[in-house]
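Let me begin by presenting the structure, written as structure tokens, before commenting on it.
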Amino acid sequence: MSFREQFEIPAKYKMWSMILMGVGLVSILAGYFMYGTGDEHHEARFWGTLLYNSVFFLLVVNASMFFICATTMAMGGWQMAFRRVSEAISFAVIPIGIISGVILLALVFGHQHHIYHWLTPGDDKILLGKAGFLNPTFFIVWTSLSIILWIALGAKMRSISKELDSSGPLSVEEGKKYIFKNTIWASLFLVWFGLTVMSTVPWLWLMSIDAHWYSTMYSWYTFASTFVAGIALITLFVIYLKNQGYLELVNDEHLHDLGKFMFAFSIFWTYLWFSQYMLIWYANIPEETVYFKHRVQGPYRGIFFLNLIVNFLAPLLILMRRSSKRNYTLLVFMSVLIICGHWLDFYQMVIASISKDHVEFNFFDFGVAAGFVGLIMWSTGIALGKRSLLAKNHPFFKESIIHHT
């Protein structure tokens with residue numbers, strides 16, 4: 001049988017990716033004139049929107065490489081039929097990582113203390129006590145290292161995968177060597193991912209906005225949010241390519257498993273959401289409840305609980321059924337809903353800490369998000385077109401073809 005192995009970017013796909021990136025640029029320019037200059041509140045609104053959008057979409061596309069490395073370490077072969085899709089999405093870490101790095105470093109070099117209060121600790125004993133961690137030097141070094149190594153290790157994983165396209169079928173010994181090398185580099189990525197995404201990066205980039213408050217679950221909460229959104233993004237691209245006549249070897253079994261990942265990690269995210277909130281509510285300690293006060297009882301109450309409905313109740317009720325995880329329309333709907341829901345979660349995580357008295361939600365937020373969506377479409381499309389969509393020489397490729405749930 002012959003398969004369509006080379007992706008050709010449709011004209012409409014190119015057009016929409018360029019339009020969305022254009023909308024993003026226009027929104028940033030308009031937002032700068034609206035919020036970028038003037039009082040501290042307006043500046044915080046401008047930089048806060050850039051911050052939560054860039055960090056959210058960076059962690060979402062980086063989740064694709066985490067998915068590849070985690071399944072590699074688990075010796076899982078079921079995902080090989082669409083592995084090149086995950087690799088292509090992870091390529092977006094390069095442009096979004098650079099943009100995010102510029103924004104994060106600009107916050108520190110620009111001394112945006114209305115975002116990060118720890119930049120000007122003064123006589124604040126709490127901030128001074130955390131100065132060993134919350135200081136410009138450590139922030140700059142760790143942010144740079146995090147993004148650079150995500151890009152470098154991700155590129156190495158993609159280059160190892162690319163070797164299969166020119167090697168031809170592997171012998172048993174060659175296959176063992178390839179799996180060993182792939183596993184070593186996957187483990188290195190996972191170690192660095194654990195040291196950054198599952199621990200320090202969310203503390204530095206997001207939790208330090210509320211520098212007097214902390215949660216030991218914050219990093220896991222952030223990871224769960226962006227990982228389930230990352231799986232949803234993979235699902236969208238897989239279904240899109242299927243509808244375009246590609247990925248003929250991907251079947252309902254593979255989509256069912258992607259649906260199970262979305263369902264399972266939606267529940268995992270809810271477990272962390274409930275645990276973090278319940279423990280703080282139950283203890284009722286003022287220095288802990290200050291984070292939830294304006295989110296639960298203030299102007300962000302509607303967004304806070306809408307977040308729970310979209311990211312928990314909808315996946316629970318819709319994705320629980322086996323047939324739902326095999327229905328293209330429902331999977332697309334749920335994938336879009338999950339991505340939008342967790343983007344909304346990041347909105348309240350950042351903006352509710354910057355503007356506590358009233359909700360500001362307008363075209364600026366949606367426009368910047370549209371720009372990042374367009375950038376993901378553009379970079380993923382470019383990466384998909386560079387190599388075969390089928391990693392057919394991989395030792396586990398046959399396992400993916402005969403995969404049955």
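Position 1 is the first residue of the sequence; numbering continues from there. Every value quoted in this text rests on a predicted model; they were computed, and no experiment measured them.
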- Item | Shortest non-hydrogen contact between Ser266 and Val228, atoms and distance | OG-CG2, 3.7 Å

- Note on the structure: Tightest non-hydrogen contact, residues Ile339 and Ala229, listed as CG1-O, 3.7 Å

- Query: To the nearest 0.5 Å, how far apart are NZ in Lys325 and NZ in Lys260?
  - Reply: 7.5 Å

- Rounded to the nearest 0.5 Å, how far apart are CZ of Phe56 and OH of Tyr347? 15.0 Å

Side chain proximity check, [X] to [Y], heavy atoms < 4.5 angstrom:
X      : Y      : result
Thr270 : Asn311 : no
Trp220 : Phe268 : yes
Trp213 : Met207 : yes
Met80  : Lys398 : no
Asn62  : Phe189 : yes
Leu206 : Val55  : yes
Asp345 : Met349 : yes

Is the closest side-chain donor-acceptor distance between [X] and [Y] under 3.5 Å?
X      : Y      : result
Asp257 : His403 : yes
Ser353 : Asp210 : yes
Trp150 : Thr196 : yes
His254 : Ser400 : yes

- Message: Using the rule side chain to side chain contact (heavy atoms under 4.5 Å, CB included), only one of Glu5, Arg4, Arg83 pairs with Leu390; which is it?
- Response: Glu5

- Sidechain N-carboxylate O distance under 4.0 Å for Arg322, Asp252: no

- Query: Within 45° of the six-membered ring axis of Tyr300 and under 6.0 Å from that ring's centre, is NZ or CZ of Arg295 located there?
  - Reply: no

- Query: When the ring centroid of Trp343 is compared with that of Phe366, is the distance short of 6.0 Å?
  - Reply: yes

Keeping [X] on the side-chain end and [Y] on the backbone end, is there a donor-acceptor pair under 3.5 Å?
X      : Y      : value
Thr200 : Leu195 : yes
Thr143 : Ile140 : no
Ser159 : Lys156 : yes
His117 : Ala211 : no

- Item | Set of residues satisfying side-chain contact (heavy atoms from CB on, under 4.5 Å) with respect to Ser323, sequence neighbours excluded | Arg321

- Note on the structure: Contacts of Val26 meeting side-chain contact (heavy atoms from CB on, under 4.5 Å) (sequence neighbours excluded), chain-then-number -> none

- Message: If the condition is ring pair (Phe, Tyr, Trp, His ring centres under 6.0 Å), which residues does Tyr271 pass it with, not counting sequence neighbours?
- Response: none

- Task: Decide yes or no on salt bridge (Lys or Arg N to Asp or Glu O under 4.0 Å) for Glu248 and Lys242, but give the supporting numbers first.
- Result: CA-CA 7 Å; Glu248 297 95 332; Lys242 286 285 291 180; over 6 Å; no

- Item | Candidate pair Gln79 and Ser86, rule side-chain contact (heavy atoms from CB on, under 4.5 Å), full reasoning | CA-CA 9 Å; Gln79 83 290 352; Ser86 304; over 6 Å; no

- Task: Test Trp269 against Ile338 for side-chain contact (heavy atoms from CB on, under 4.5 Å), laying out the working first.
- Result: CA-CA 11 Å; Trp269 172 87; Ile338 286 171; over 6 Å; no

- In short, salt bridge (Lys or Arg N to Asp or Glu O under 4.0 Å) pairs touching residues 380-390 with sequence neighbours left out are Glu87-Arg387

- Contacts satisfying salt bridge (Lys or Arg N to Asp or Glu O under 4.0 Å) that involve residues 181-199 (not counting sequence neighbours) are Glu163-Lys181

- Message: I'd like to check the side chain to side chain donor-acceptor pair (under 3.5 Å) partners of Ser324; sequence neighbours left out, ordered by chain and number.
- Response: none

- Message: Given Trp273, which partner from the list Phe312, Phe304, Tyr221 fulfils the ring pair (Phe, Tyr, Trp, His ring centres under 6.0 Å) test?
- Response: Phe304

